[in-house]
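Only heavy atoms go into these numbers, but all of them, side chains included; no hydrogens, no water, no symmetry mates. Lettering follows sequence order; numbering is per chain, from 1. It should be emphasised that the depicted structure is a prediction, and the values quoted were computed from it without experimental measurement.
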Amino acid sequence: MPRYDFKPVESRWQQYWDENQTFRTEDAVSEKKKLYVLDMFPYPSGSGLHVGHPEGYTATDIVCRYSRMKGLNVLHPMGWDAFGLPAEEHAVKTGTHPRETTNQNIATFKRQLKMLGFSYDWERELATTDPDYYRWTQWIFLQIFDTWYDSEYEWTGPDGVKRKGKGRPINELPIPSDVKTSGAEAVRRYQDKHRLAYVSDAPVNWCPALGTVLANEEIIDGKSERGSHPVVRMPLKQWMLRITAYGDRLANELDPLTWSEAIKLMQRNWIGRSVGAEVDFKIVPSENGKPQTETPSSIRVYTTRPDTLFGVTYMVLAPEHPLVDTITTSEQKAAVDEYRTKASLKSDLDRTDLAKDKTGVFTGGHAINPVNGEKVPVWIADYVLISYGTGAIMAVPAHDERDYEFAKTFGIEIRQVVAPAPGSGHAADIDNTAFTETGIAVNSGKYNGLTTADFKAQITKDLAAAGVGKEAVNYRLRDWLFSRQRYWGEPFPIWHELDADGNPTGLMRADTAESLPVLHPHMEDFKPTGTPEPMLAKATQEWLFKTDTDGVKLKRETNSMPQWAGSCWYYLRFCDNKNSTNFIDPAKEKYWLPVDLYIGGAEHAVLHLLYSRFWHKVLFDRGHVSTPEPFQKLVNQGMILGEPDENGKAEKMSKSRGNVINPDEVVKDYGADSLRLYEMFMGPLEQTKPWQMSGVEGVYRFLGRVWRMIVDERAETVKLADAVVDVAPTDEQLRVLHKTIKAVTDDIDRLSFNTAISRMMEFSNFMSSQEARPKVVLSQFVQLLSPFAPHIAEELWNVLGHPNTLAYEPWPTYDPALLVEDSVEVPVQFNGKLRSKIVVPANSDAAALEAAARADEQVQKNLEGKTVVKVVAVPGRMVNFVVK
RNA sequence: GCCGGAGUGGCGGAAUGGCAGACGCGCUGGAUUCAAAAUCCAGUUAGAGUAACAUCUAGUGCGGGUUCGACCCCCGCCUCCGGUACCA
């Protein structure tokens, strides 16, 4: 073989690994120490693998191959997040069943991943669309459906941690006696209201273009995350998951995880816990004859600043607030109605677009401020959201920017009640801007002089004592809208009871675990209904209806689950993907969980990771898993941008820009090892970085040099180069080898793959110039290279005379004694500036260093005419003369 | 606006308190070749200086500070990237 020909080598080893099942992980639970390394499994899109995919996959593959050589029992699986809209949209256009499209795409992805030589255990492959898989997705849904959250329950979990709050079986939910006396049906309805999976009639985000409703998390700037289609809000009956019940735990239990602070913060911000108070303002009976006898007779507001209660000069209800009709006077009714209509027509986008200009209408009604008895006018305005807090606020223009703007617009009084604390460096300029800092209370009656923190604590207590308020916690996080109107998602294992006329009674029945999976109905026509009516409503009568054993007529739930469902628990199924009696064997769960290293894109920082943690915690509470968190260590790979343009500016890869790099092409021209090596050599894993084809060329040349270092290029067949001999290595060769072993090992442990590769380049630059290259040294180097470029490494390992694969050869270790050099070059500084270098024995102490430095000619020249104030000598590092 | 991250040669990046620019790309020159590709060798921060070395000066976004010594730590700014936004 004259030159390194990657094609036959790469396909030979891929075949070898396949045939010998080299990377099969033993199914039995082992005594060996385990390592579970997981990639975020891909959505198998029609366009195939993107160069961004192999970045994370190569990183995990390096860790896995390295860890196997270190003797760990490694679990490294791959699967497919295969439900989703594109396959269904394709079905609408072509009539091809989504399953067929999905299977084709999976085949392409699988071929591409195999082409890159990743050491997955393909026996554990799974797709979320497999009935054997979504059977258990539906089963977990039933667990969630069967659970209510007891926020007062104190318990110690299998992890030994004491917690307050637990998801408990619905049959343990205490039923109030008045409900109990109302009969069995009332009890069922009461239970349904408390389940973690429940049906709600609240306004939701309906996206006509996608033909489905979307979760809050799937909406960006008022448009759909996918496709940027407009979204409108309308009330619909939808499934919700009570993720807010777990808000505190989802935020707090992030602490012990090895995740970047940035991602933890994003999750905490998304959860958005805030502590404040709820305060009741009594509604003032109308003065113009309109009777005000309706209950409730007070407006409840939520505030994080109860210390500013004395500064309240008006109140605002969200336009959708139920009390608007009650409080609006007849004079104001027309104006209020008009405003509400306008607000309801505005999309969320419009509402945020107009963020600067405050609008609103006076209702004519008033309420009483509980702290001072003042009559406060009540307005409606769309800057108050019905979906947060109580949908009503007390407005304190002096100390809130939004209220300030509103008050300026409508000429409402601005009353300062907080003064800057002395020495805080803040100033209050109430004539021009709101003062939103904390400080000292003023104009607040008996509370004057209290600090913001003390005032808050005191008034919260006082309000509670008076029965007009209490401490309250609020979350930005909403319950998770869990139903979609599409075909290509998991059907719900739920039936609705029908009355004699065929109308739903509102009562539900769950499928039994044994009857799962609920399969998709056969359909020919995949066109969306164009209305919020789900696709599955077009299914056959047999699929849709049945009569239960007790004679009750039932209709199937026709919504389907969102794409997130399948990815919420796939890491569990990988541990035991063939189990037909359980979603995971408990012993296997105990052994493999948690995932030790999870690598994927930052785009899943809130959605997938939050949902998945939520499901895991429900399973934890119900005793199905033993760890409170699924992913111990998380690393987000940086985005790979396209090639920089002539101005050096690199942009996101996209079809429209025409700068997408196809991994197939790269592998065709340079081979899989080069692609893997390049993606790791580009820069730090977590950093965003531009693609440069010339860089691929660089690592490709490096592999050629490594090949020539070992193989005789001029020979007809693959044989060792003449310089490769069976001799004892020189001291220098040993030192370079052991330095490289140390550096590469440390770098892999730190996931610093770019520097590991540069160390191997240094090694090959050195060794290639050696006239005699000891086999034993080269063999160990090939092992170091093998996690990064496994194909060429396996081949060279063979050429060096080792039979079989090196996948389980013990990882080379270094001898610290060999790293020590006899003499070292040490810089000599004058006032911190480099002036000379001296060569001294490596073990020289500070005094010897200084003496050697003083003996140096350059140093003496620099010392002339100067006074030495101080000498700093750090053995092995440097000498610094402080002179005047 | 708020929260996070980052600013180092022509480019990707290395060095987390001790020789700034490892390694790679690109570029320049040379060797090899009939020629090319491939490969190998040398050079490559800028400026001053030298026949050539030597040597000197400046230099890690900007301004200040701590230190014998700062890309690294502290304070104040600027720019770029990511997240988020009427959340009371």
Side-chain angles (χ1 to χ4, degrees), chain A residues 2-3 220-221 260-266 268-270 272-274 276 301-305 308 316 351-352 354-358 381-385 387-396 399-403 405-406 436 474-478 602-603 605-606 636 638-639 641 644 648 650 677-678 681-684 686-699 701-702 704-705 708 713 752 754-762 764-765 768-769 825-837 858 861 869-874 876-883:
Chain A
R3 279 182 55 198
I220 294 171
D221 294 335
S260 70
E261 277 310 310
I263 298 286
K264 287 188 186 180
L265 247 149
M266 278 165 76
R268 286 198 191 99
N269 288 344
W270 192 268
R273 181 180 200 266
S274 74
V301 301
Y302 172 73
T303 176
T304 54
R305 291 294 299 271
T308 59
V316 184
R351 261 168 93 148
T352 49
L354 298 171
K356 297 283 170 280
D357 307 318
K358 296 280 177 290
D382 64 5
Y383 82 91
V384 172
L385 309 175
S387 51
Y388 185 77
T390 60
I393 62 157
M394 59 179 226
V396 187
H399 305 290
D400 180 280
E401 280 172 29
R402 295 150 300 174
D403 298 347
E405 266 180 60
F406 190 89
T436 56
N474 251 297
Y475 298 92
R476 206 189 83 105
L477 183 70
R478 295 281 102 79
E603 67 272 18
V606 279
N636 294 111
M639 206 190 331
L641 304 175
L677 215 49
Y678 173 63
F681 189 58
M682 290 171 87
E686 301 193 60
Q687 193 168 302
T688 301
K689 39 209 179 284
W691 184 274
Q692 278 177 317
M693 212 45 106
S694 55
V696 185
E697 196 100 35
V699 295
R701 284 204 281 259
F702 162 65
R705 281 199 297 278
R708 285 190 298 278
E713 264 206 317
S752 178
N754 54 332
T755 51
I757 293 166
S758 75
R759 298 311 289 259
M760 291 190 283
M761 287 172 168
E762 284 179 88
S764 88
N765 289 345
S768 298
S769 64
E825 195 188 54
V826 167
V828 182
Q829 301 172 345
F830 277 76
N831 294 338
K833 286 190 174 158
L834 179 69
R835 281 296 175 270
S836 183
K837 290 175 185 180
Q858 271 298 325
K861 236 162 75 185
V869 180
K870 187 178 175 184
V871 180
V872 182
V874 183
R877 306 297 295 205
M878 44 64 69
V879 182
N880 189 18
F881 288 92
V882 186
V883 296

Roughly how many Å apart are [M] and [N], using the [atom1] atom of each and rounding to a whole number?
N: B/G4; M: B/C27; atom1: P; result: 43 Å
N: B/A85; M: B/C2; atom1: C1'; result: 8 Å
N: B/U33; M: B/C72; atom1: C1'; result: 50 Å
N: B/A38; M: B/G26; atom1: P; result: 10 Å

Just the rounded figure in Å: distance from [atom2] of [N] to [atom1] of [X].
X: A/Arg268; N: B/G83; atom1: CZ; atom2: C1'; answer: 15 Å
X: A/Met693; N: B/G26; atom1: CE; atom2: P; answer: 14 Å
X: A/Met761; N: B/G12; atom1: CE; atom2: C1'; answer: 12 Å
X: A/Arg305; N: B/C87; atom1: CZ; atom2: P; answer: 14 Å

Review item, nucleotides 52-55 of chain B N/O atoms under 3.5 Å of protein N/O:
none

Which protein N or O atoms sit under 3.5 Å from an N or O of nucleotides 3-11 of chain B?
| residue | atom | partner | partner atom | Å |
| --- | --- | --- | --- | --- |
| B/C11 | O2' | A/Gln692 | NE2 | 3.2 |

Kindly point out which of [options] is positioned nearest to the side chain of [X]?
X: A/Arg476; options: B/A85, B/A22, B/G13; value: B/A85
X: A/Lys870; options: B/A22, B/C87, B/C68; value: B/C68
X: A/Asn765; options: B/C19, B/C23, B/C86; value: B/C23

Problem - Touch class at under 4.0 angstrom, heavy-atom based, for A/Asn754 against every strand present - result: sugar-phosphate
Practice task
Look at all strands and tell whether A/Asp403 reaches a base, only sugar-phosphate, or nothing, counting heavy atoms closer than 4.0 Å.
Solution key: nothing
Completion exercise
Sequence neighbours excluded, the answer for side chain to side chain contact (heavy atoms under 4.5 Å, CB included) partners of A/Arg478 is A/Asn216, A/Ser387, A/Tyr388
Practice task
Name all residues meeting the side chain to side chain contact (heavy atoms under 4.5 Å, CB included) criterion together with A/Glu401; count only those two or more places apart in sequence or in a different chain, and write none if there are none.
Solution key: A/Ala434, A/Thr436
When you compare the protein's N or O atoms with those of nucleotides 16-18 of chain B, which come within less than 3.5 Å of each other, and at what distance?
| residue | atom | partner | partner atom | Å |
| --- | --- | --- | --- | --- |
| B/G18 | N2 | A/Gln829 | OE1 | 3.4 |

Problem - Per-nucleotide pairing state of RNA chain B [Watson-Crick or G-U, under 3.5 Å; [ ] pseudoknot-crossing; | other strand] - result: (((((((..(((.....[....)))((((((.......))))))((((......))))..(((((..]....))))))))))))....
